[in-house]
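Take a look at the structure below.
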Amino acid sequence: AAVAEEATSALIHDRGGHVWVSDAHLDRVSLYDREGRLLLSLGGRGEGPGEFSFPAGLAADARGRVAVLDSLNRRVQVFEFIDPADRGGG
């Protein structure tokens, strides 16, 4: 499974059943569906929005948002996956 190939620092499930995986060594956070298929990857080394420096922790809230502990940038970044299939339109 693709999820196991990551150098996982943290792994959580959001309320939609998606799996979020942080890889602190690659400065990346990846999102997988319930079957383990990669939906998207965020990040890369940096200090800008959506960039990370050692993303070591993840937390999900009841609204479906995911907080990423961006350790070496000393901040928390919050993301929300909006599935196009759930939008009900084109």
Side-chain angles (χ1 to χ4, degrees):
V3 173
E5 294 172 9
E6 303 261 345
T8 304
S9 299
L11 182 144
I12 61 165
H13 291 87
D14 66 16
R15 73 176 187 167
H18 302 103
V19 178
W20 295 76
V21 179
S22 68
D23 184 331
H25 298 288
L26 294 178
D27 299 307
R28 177 176 66 196
V29 174
S30 298
L31 175 65
Y32 297 87
D33 68 11
R34 291 180 178 125
E35 287 76 37
R37 292 182 296 248
L38 179 66
L39 298 174
L40 62 92
S41 286
L42 304 168
R45 181 171 297 277
E47 298 176 359
E51 297 176 329
F52 307 109
S53 185
F54 206 83
L58 298 169
D61 70 12
R63 292 179 48 195
R65 297 176 300 185
V66 172
V68 179
L69 174 61
D70 189 7
S71 299
L72 297 181
N73 283 328
R74 298 179 183 215
R75 65 183 178 184
V76 173
Q77 295 192 64
V78 179
F79 300 92
E80 182 176 10
F81 176 68
I82 300 171
D83 192 335
D86 293 340
R87 289 188 155 194

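Model, not experiment: these values are computed from the prediction.
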Measure the spacing between NE2 of His25 and CZ of Arg28 and express it to the nearest 0.5 Å.
12.0 Å

Checking Glu51 now: which residues fulfil side chain to side chain contact (heavy atoms under 4.5 Å, CB included) with it, not counting sequence neighbours?
none

Phe52 to Leu42 - nearest heavy-atom pair and separation:
CE1-O, 3.7 Å

Applying a strict under-4.5 Å side-chain criterion to I, L, V, M, F, W and Y, I'd like to know whether Leu26 and Leu72 cluster together.
no

Non-hydrogen side-chain atoms of Leu38 and Ser30 separated by less than 4.5 Å:
yes

Which pairs, with at least one residue in residues 68-80 and sequence neighbours excluded, count as a salt bridge (Lys or Arg N to Asp or Glu O under 4.0 Å)?
Asp70-Arg75

Give the cluster check for Val29 versus Val21: same hydrophobic cluster or not, with ILVMFWY residues linked at side-chain heavy-atom distances below 4.5 Å.
no

Please identify each residue that fulfils side-chain hydrogen bond (donor to acceptor under 3.5 Å, both in side chains) with Arg15, with sequence neighbours left out.
none

Nearest heavy atoms of Leu39 and Tyr32, plus distance in Å
CD1-C, 4.0 Å

Under 3.5 Å, which donor-acceptor pairs do the side chains of residues 53-61 form with other protein atoms, sequence neighbours left out?
from, atom 1, to, atom 2, distance (Å)
Ser53, OG, Arg45, NH1, 3.4
Asp61, OD1, Arg63, N, 3.0
Asp61, OD1, Gly64, N, 3.0
Asp61, OD1, Arg65, N, 2.9
Asp61, OD2, Arg65, NE, 2.7
Asp61, OD2, Arg65, NH2, 2.7

Using the rule that Ile, Leu, Val, Met, Phe, Trp and Tyr join whenever any side-chain heavy atoms are under 4.5 Å apart, tell me whether Val19 and Phe81 fall into a single cluster.
no

Side-chain (Glu47) to main-chain (Asn73) donor-acceptor, under 3.5 angstrom:
no

Quick check for you: to the nearest 0.5 Å, what is the distance between Phe79 atom CZ and Leu31 atom CG?
11.5 Å

